[in-house]
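First up is the structure itself, then whatever we jot down about it.
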Amino acid sequence: MNFPRIGRLLGILFCVLAGAMATSVPWALSFDQMSTVWAFVFSAGTTGAIGTLLWFLGRNQTADLTRSEAILLVALSWICSGILGGLPY
């Protein structure tokens, strides 16, 4: 099993998730909710940093996955996205 390859793909997913979290910041600013703004900034920054680190560690890997790597990737994607997506709350 090629863990750097899985890390690279998870890193890309986490960077996309961080971008989705960052879209909540202007919305919170429009309602003058500064505590919410900082929660989303912290969460998006943490998620983006983890994603960038994982992508950087697997940057030279190809995207060809075996069946077992694909299953692990999907399982880790759901688990980690749930954990990272819950950070602002």
Partner residues of T23 under the side-chain contact (heavy atoms from CB on, under 4.5 Å) criterion, sequence neighbours left out: none

Sequence-distant partners of L87, side-chain contact (heavy atoms from CB on, under 4.5 Å), two or more places apart: S43, T46, T47, L84

Closest approach of L54 to G11 (non-hydrogen atoms, all atoms of both residues): CB-CA, 3.8 Å

Nearest heavy-atom neighbours spanning G85 and M21: CA-CE, 3.6 Å

Which atom of G48 lies closest to which atom of A18, heavy atoms considered: N-CB, 3.5 Å

Within residues 49-89 or reaching into it, pairs that qualify as ring pair (Phe, Tyr, Trp, His ring centres under 6.0 Å) - sequence neighbours excluded: none

Sequence-distant partners of T52, side-chain contact (heavy atoms from CB on, under 4.5 Å), two or more places apart: C15

Shared hydrophobic cluster for I50 and F3 (ILVMFWY, side-chain gaps under 4.5 Å): yes

side-chain contact (heavy atoms from CB on, under 4.5 Å) partners of T62, counting only residues at least two apart: R5, D64

Donor + acceptor pair across side chains of Q61, N2 (<3.5 Å): yes

Point-to-point distance, once rounded to the nearest 0.5 Å, from CG of L17 to OG of S81: 5.5 Å

Sequence neighbours excluded, every pair satisfying ring pair (Phe, Tyr, Trp, His ring centres under 6.0 Å) that has a member inside residues 16-42: W27-F31

Shortest non-hydrogen separation from P88 to A39 and the atoms involved: O-CB, 3.8 Å

Rounded distance (nearest 0.5 Å) linking atom SG of C80 with atom CG of L10: 6.0 Å

Linked, directly or transitively: L57 and L65 (ILVMFWY side chains, under 4.5 Å): no

Any M1 side-chain heavy atom under 4.5 Å of L72 side chain: yes

